[in-house]
Amino acid sequence: MRLSRYFLPVLKQNPAEAQIASHRLMLRAGMLRQEAAGIYAWLPLGYRVLRKIEQIVREEMDRAGAIEVLMPTLQLADLWRESGRYDDYGAEMLRITDRHERELLYGPTNEEMITEIFRAYVKSYKELPKNLYHIQWKFRDEQRPRFGVMRGREFLMKDAYSFDVDDERGQQSYNRMFVAYLRTFQRMGLQAAPMRAETGPIGGDLSHEFIVLAQTGESAVFLDRRMLDLPVPGEDVDYEGDLSGIVADWTRLYAATEDVHDPARYERETAEADRLTARGIEVGQTFYFGDKYSRPMKANVSGPDGVERPVQMGSYGVGVSRLAGAIIEASHDEAGIIWPDAVAPFGVGIVSLRPGDAAVDAACERAYAALTATGKEPLLDDTDERPGGKFATMDLIGLPWQLIIGPRGLADGVVELKRRRTGERRTLPLDEALAAISA
RNA sequence: CGGAGUGUGGCUCAGUCUGGUAGAGCACCGCGUUCGGGACGCGGGGGUCGCAGGUUCGAAUCCUGCCACUCCGACCA
């Protein structure tokens, strides 16, 4: 992409309403536009990041055996009356009436709908296990939206739902999602720790919150620092095999958010040197809730014995839009965002210090073509802004690499290559720089 | 939902107390000088001062009502 043709409305000044780093930087970097409280338009740069995050989530869900569907944002109130949640959910649910006076709602989650779909088609244990997920916009009418996309009213969420014939297999499905989450967050360059959680209005008795550690996180967390050294399962993890050992390793050590923190237990189980008090952001939650929805909604399957019984379910959410903010909270400095390579909106920024100079233009075009060909998704700053402004913009939008090409360097046959994360700069011939980026 | 605030050009804000026909910086357009870490000069465009009503010769400014948004707290993917 050439910046001269792109849409990147960066702000030099901090918007007054943005109090936390991710919100401030997303607005300044031209990623977001607030349209109402907790409701945002995703501008091109932000949308590219959102899609990268979404794609990583999708790949790890698929790898773990989940199957993607897409359910609508609007749901019938009657469906929610079946589970009893239409009245329970309260003012957080956005309720809508259509022209025929039918009562609808903008879905805050999809347990009811997925259960309705499941029960319409699946009748036998032979078709299990199944895990269906989608990535769709949700709406929860928060009392107080804040922190930009970290606590929006409208947000993009991945929600998966597992269906099993009995409790034991249900736990196995839970373990598959647990492992998939470890992988998902690691791929985004995050350190995420699973913590035993309250189940809240979704219900059930087994649940973990996945908390990303970030200095500016919204809540305090207490954990055994040895958890941070645990190995995350690789791509070759066997989702058909027994994952209980991995889950056990990741749930053995103490880790708790402040609302469920038990200081006495913490001090008993964790040596003083291993105690880590940090701040965190919840980016995912897993629930195993058995027949909480399948029983009232009569989602039954026949077992090998021919007896019908409620299917055993779990649900597994990831805050996709929240992750964009969480990644920034975990990875930024005074100058701007520092994107992990896997979610960067562009892989490398090429800074032309003198558009119009024949040698500079030629070198930039060569770099642009080469990096495009190798899938590095370059963003070429070919505008006639002054160098200082270009450097500031590149640091702000946080692309992993900056390739700086100007007449002075070219006269000596070199360009400058900067790594955003470390600030390391190297002066070297263009071909070597291109090789270093692709290495 | 309790508490505290703020609404003035795309952004950051001054002007409101003490009423007199709307300003600054940044951004934008034109010209020129510049050009390796957010340059400078000259000229220019852009604002129903959140909305409605009221007081007044005259309202961004005073009064009443409403709306939106933000922050702190309680609550939540």
Side-chain angles (χ1 to χ4, degrees), chain A residues 9-20 23-24 27-28 30 33-39 57 89-93 107-111 135-160 181 197-202 207-212 218-219 257 259 281-287 315-326 334-336 351-357 360 381 383-396 402 404-412 414-416 418 423 425 427:
Chain A
V10 299
L11 306 176
K12 274 191 183 180
Q13 284 159 310
N14 284 325
E17 72 273 15
Q19 292 300 304
I20 64 164
H23 190 197
R24 186 174 69 241
L27 292 171
R28 284 199 56 207
R33 168 85 185 164
Q34 180 168 335
E35 295 295 341
I39 299 177
V57 171
Y89 224 93
E92 293 224 333
M93 179 183 280
T109 179
N110 284 68
E111 279 83 5
I135 300 172
Q136 177 63 290
W137 293 93
K138 305 293 191 293
F139 196 93
R140 295 183 191 175
D141 202 355
E142 295 278 346
Q143 293 174 9
R144 191 184 160 209
R146 63 186 123 170
F147 304 149
V149 298
M150 303 275 285
R151 175 79 59 88
R153 291 194 293 171
E154 188 184 49
F155 58 96
L156 187 62
M157 179 166 120
K158 185 283 302 178
D159 38 324
Y181 277 23
E198 301 296 316
T199 51
I202 296 190
S207 180
H208 290 91
E209 289 180 346
F210 285 73
I211 307 287
V212 162
E218 57 191 330
S219 56
T257 53
D259 45 325
I281 301 163
E282 185 189 341
V283 291
Q285 187 162 10
T286 52
F287 299 90
S315 77
Y316 315 90
V318 169
V320 174
S321 49
R322 172 180 283 190
L323 272 166
E334 312 73 44
V351 178
S352 171
L353 291 175
R354 192 77 56 91
D357 178 286
V360 172
D381 187 347
T383 66
D384 54 10
E385 192 180 0
R386 298 163 54 81
K390 293 189 174 193
F391 294 135
T393 296
M394 277 298 165
D395 284 348
L396 175 63
Q402 295 172 17
I404 298 154
I405 300 177
R408 286 191 205 164
L410 285 183
D412 298 330
V414 294
V415 298
E416 183 177 308
K418 175 176 165 180
R425 298 183 211 187
T427 301

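Proteins get letters first, then strands, A, B, ... in listed order; numbering begins at 1 in each.
Residue-level contact check: A:Gly152 touches the bases, meaning some heavy atom is under 4.0 Å from a base atom. At a threshold of 4.0 angstrom between heavy atoms, the contacts of A:Pro407 include nucleobase atoms, whether or not backbone atoms are also involved. Nucleic acid contact for A:Gly406: base, since at least one base atom lies under 4.0 Å from a heavy atom of the residue. Contacts of A:Thr393 with the nucleic acid, taken as non-hydrogen atoms under 4.0 Å apart, include base atoms. Using a 4.0 Å heavy-atom cutoff across all strands shown, A:Lys158 reaches no nucleic acid atom at all. Residue-level contact check: A:Gly389 touches the bases, meaning some heavy atom is under 4.0 Å from a base atom.
Without hydrogens or angle criteria, A:Arg153 side chain to A:Arg140 main chain gives no donor-acceptor distance under 3.5 Å.
Under the Watson-Crick or G-U wobble criterion, with both distances below 3.5 Å, B:rA77 has no partner in any strand shown. Nucleotide B:rC40 forms a pair with B:rG32, judged by Watson-Crick or G-U wobble geometry with both contacts under 3.5 Å. Across all strands shown, B:rG2 forms a Watson-Crick or G-U wobble pair with B:rC72, both key distances being under 3.5 Å. Using the Watson-Crick or G-U wobble rule with both distances under 3.5 Å, B:rC26 pairs with B:rG10.
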Report summary line: With B for base contact, S for sugar-phosphate-only contact and - for none (protein heavy atoms under 4.0 Å), nucleotides 66-73 of chain B reads ---SSBBB
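Out of B:rA77, B:rG36, B:rU12, the shortest distance to the side chain of A:Arg408 is found at B:rG36. Relative to the side chain of A:Ile404, the nucleotides B:rG25, B:rC35, B:rG37 differ in distance, and B:rG37 lies closest. When the nucleotides B:rG37, B:rU12, B:rG36 are ranked by their closest atom to the side chain of A:Gln13, B:rU12 comes out on top.
For the pair A:Glu92 CD and B:rA74 C1', the interatomic distance rounds to 13 Å; values are reported in whole Å. Regarding A:Leu27, its CG atom lies at a distance of 16 Å from the P atom of B:rG10, rounded to whole Å. Following rounding to the nearest Å, A:Asp259 (CG) and B:rC76 (P) show an atom-to-atom distance of 8 Å. Straight-line distance from the CG atom of A:Asn14 to the P atom of B:rG38: 18 Å, rounded to whole Å. Following rounding to the nearest Å, A:Asp141 (CG) and B:rC75 (C1') show an atom-to-atom distance of 13 Å.
Taking atom C1' on both nucleotides, B:rU55 is separated from B:rG19 by 11 Å, rounded to a whole Å. Straight-line distance between the C1' atoms of B:rA74 and B:rA59: roughly 41 Å, to the nearest whole Å. The P atoms of B:rG9 and B:rG15 are separated by 15 Å, rounded to the nearest whole Å. As rounded to the nearest Å, B:rC42 and B:rU34 have C1' atoms that lie 15 Å from one another. Rounded to whole Å, the separation between the C1' atoms of B:rG50 and B:rG58 comes to 23 Å.
Every residue was checked against the salt bridge (Lys or Arg N to Asp or Glu O under 4.0 Å) condition with A:Arg146, not counting sequence neighbours, and none meets it. Applying the ring-ring contact (aromatic ring centres under 6.0 Å, His included) rule to A:Tyr181 yields the partners A:Phe185, A:Phe210; only residues at least two apart in sequence or on another chain are considered. Contacts of A:Glu416 classified as side chain to side chain donor-acceptor pair (under 3.5 Å), with partners at least two apart in sequence or in another chain: none.
Counting distance only, with no hydrogens placed and no angle test, the side-chain atoms of A:Arg28 and the base atoms of B:rG38 include a donor-acceptor pair under 3.5 Å.
In this structure, A:Phe391 does not pack face-to-face on the six-membered ring of B:rG38, missing the 5.5 Å centre cutoff or the 30° plane limit.
Listed by first and then second residue, the side chain to side chain donor-acceptor pair (under 3.5 Å) pairs that reach into residues 10-20 of chain A come to none, sequence neighbours excluded.
Contact between the side-chain N/O atoms of A:Arg322 and the OP1/OP2 oxygens of B:rA77 is not found at any separation under 4.0 Å. Between A:Arg140 and B:rC76 there is no side-chain polar atom (N or O) within less than 4.0 angstrom of OP1 or OP2.
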Give me the distances for all protein-to-nucleotides 27-32 of chain B N/O pairs that come in under 3.5 Å?
from: B:rA27; atom 1: OP1; to: A:Lys12; atom 2: NZ; distance (Å): 3.2

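Side chains of A:Gln136 and A:Asp159: a donor-acceptor N/O pair is absent below 3.5 angstrom, by distance only.
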